[in-house]
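One structure is given here, and the rest of the page talks about it.
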Amino acid sequence: MARRNARRAAAMMRRQAGWDMAMRVAMVAAALCALAGVAAAKSAPETAAALSVSPPAGYEVRPLPPRPPYATIFGVRRPSDRDTGCQVSFAEDPATASLSQAQLNEAVQNPVWRDTAIRAMSPIYDIQHQETYRQGDLVGLLLEGMIRPREGLPARAQEIRTLFVILQTPRGRTSTVCVGEVADFATRRAEFLTVAQGATPPR
């Protein structure tokens with residue numbers, strides 16, 4: 001029964017209208033905003049639409065303008081960050097409202113669901129690492145990769161690496177996207193994971 005419920009949950013999540021395109025656009029927008037150098041603000045942690053973010057030491061948080069499918073977006077950066085740092089976003093998802101957290105946790109671990117997420121991003125990103133991500137009673141997906149070279153992208157795009165953390169609750173999807181220099185990504189990765197852990201998804 002549990003396996004059947006997990007398969008049903010995974011199927012519902014895959015069938016969401018425009019899921020692939022929404023994920024692709026959201027991730028690309030996050031990366032391009034980082035490359036454009038969205039400046040960090042001096043504000044304290046903020047909350048909106050029940051998404052809360054507590055930054056690690058040395059990081060600042062500010063709300064950013066929403067963009068579909070994300071109704072709530074926070075920038076989480078060091079004051080010295082120019083085109084690196086993180087964004088934490090939340091998108092409501094009516095398709096999963098009837099599912100329990102246990103069902104969603106199992107669905108996110110389903111290889112078919114993971115393949116769907118990676119395929120959605122593959123035209124833009126070369127995903128080089130994936131692993132299960134755990135935060136309290138939530139199970140999510142962690143991905144790392146590089147932006148694929150293509151005409152029109154600045155050379156700078158090949159100097160950065162991106163970490164994604166995706167969490168699904170009955171309310172919707174919370175995504176943490178962090179961009180760091182390839183040269184010191186191993187060092188910043190620990191900070192980026194702390195940023196992800198500091199995001200409390202709506203329940």
Side-chain angles (χ1 to χ4, degrees), residues 13 22-35 38 40-41 43 45-78 81 83-93 96 101 104-105 108-109 113-114 117-118 120-121 124-125 127-147 160-169 171-181 185-203:
M13 291 163 70
M23 174 69 80
R24 188 178 305 165
V25 169
M27 296 308 184
V28 173
L32 294 182
C33 278
L35 286 172
V38 180
S43 59
E46 297 282 349
T47 3
L51 170 66
S52 66
V53 178
S54 297
Y59 278 67
E60 299 170 342
V61 179
R62 69 160 175 157
L64 299 175
R67 60 176 178 270
Y70 293 101
T72 308
I73 305 173
F74 291 111
V76 188
R77 299 176 175 221
R78 293 172 174 169
D81 278 329
D83 58 3
T84 53
C86 302
Q87 287 187 11
V88 182
S89 312
F90 174 72
E92 293 279 354
D93 190 351
T96 58
Q101 190 60 56
L104 292 171
N105 287 349
V108 168
Q109 297 176 81
W113 186 91
R114 293 189 172 205
I118 292 170
M121 298 164 65
I124 308 299
Y125 285 94
I127 299 300
Q128 300 166 342
H129 174 76
Q130 62 169 299
E131 64 182 73
T132 298
Y133 173 87
R134 299 180 185 276
Q135 182 171 318
D137 66 334
L138 303 177
V139 179
L141 177 62
L142 184 152
L143 303 170
E144 289 180 33
M146 300 283 293
I147 299 174
I160 62 172
R161 184 174 177 85
T162 306
L163 178 145
F164 307 90
V165 171
I166 304 166
L167 290 171
Q168 189 80 31
T169 62
R171 284 279 305 278
R173 183 178 304 110
T174 298
S175 303
T176 301
V177 182
C178 296
V179 177
E181 302 279 354
F185 190 84
T187 299
R188 291 213 72 178
R189 186 181 193 275
E191 297 178 9
F192 292 161
L193 289 176
T194 304
V195 171
Q197 291 284 337
T200 302
R203 303 295 290 268

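For reference, positions follow the sequence shown, starting with 1.
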Original post:
Checking side-chain contact (heavy atoms from CB on, under 4.5 Å) for the pair Leu141/Trp113: CA distance, chi angles, key distance, verdict?
Top reply: CA-CA 10 Å; Leu141 177 62; Trp113 186 91; 3.7 Å; yes
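Every residue two or more places apart in sequence or in another chain that forms a ring pair (Phe, Tyr, Trp, His ring centres under 6.0 Å) with Phe185 is listed here: Phe192.
Note that OH of Tyr133 and CG of Leu138 are 8.5 Å apart. Values are rounded to the nearest 0.5 Å. If you take CG on Leu193 and SG on Cys86, they are separated by 9.5 Å, rounding to the nearest 0.5 Å. Thr84 contributes atom OG1, which lies 8.5 Å from atom CD1 of Ile160 (distance to the nearest 0.5 angstrom). Here Thr174 contributes atom OG1 and Gln135 contributes atom CD; the two are 9.0 Å apart, rounded to the nearest 0.5 Å. Rounding to the nearest 0.5 angstrom, the gap separating the CG atom in Asp93 from the CZ atom in Arg171 is 11.5 Å. Of the inter-residue distances, the one linking Glu181 atom CD with Asp81 atom CG reads 9.0 Å to the nearest 0.5 angstrom.
Counting only N and O atoms by type, the side chains of Gln101 and Asn105 include a donor and acceptor under 3.5 Å apart. In the model, Tyr70 has a side-chain atom that pairs as donor or acceptor with a side-chain atom of Ser175 under 3.5 Å.
Using modelled atom types, one side-chain atom of Thr169 and one backbone atom of Pro202 make a donor-acceptor pair closer than 3.5 Å. Remark: side-chain polar atoms of Arg134 are not paired, donor with acceptor, to backbone N or O of Gly140 under 3.5 angstrom.
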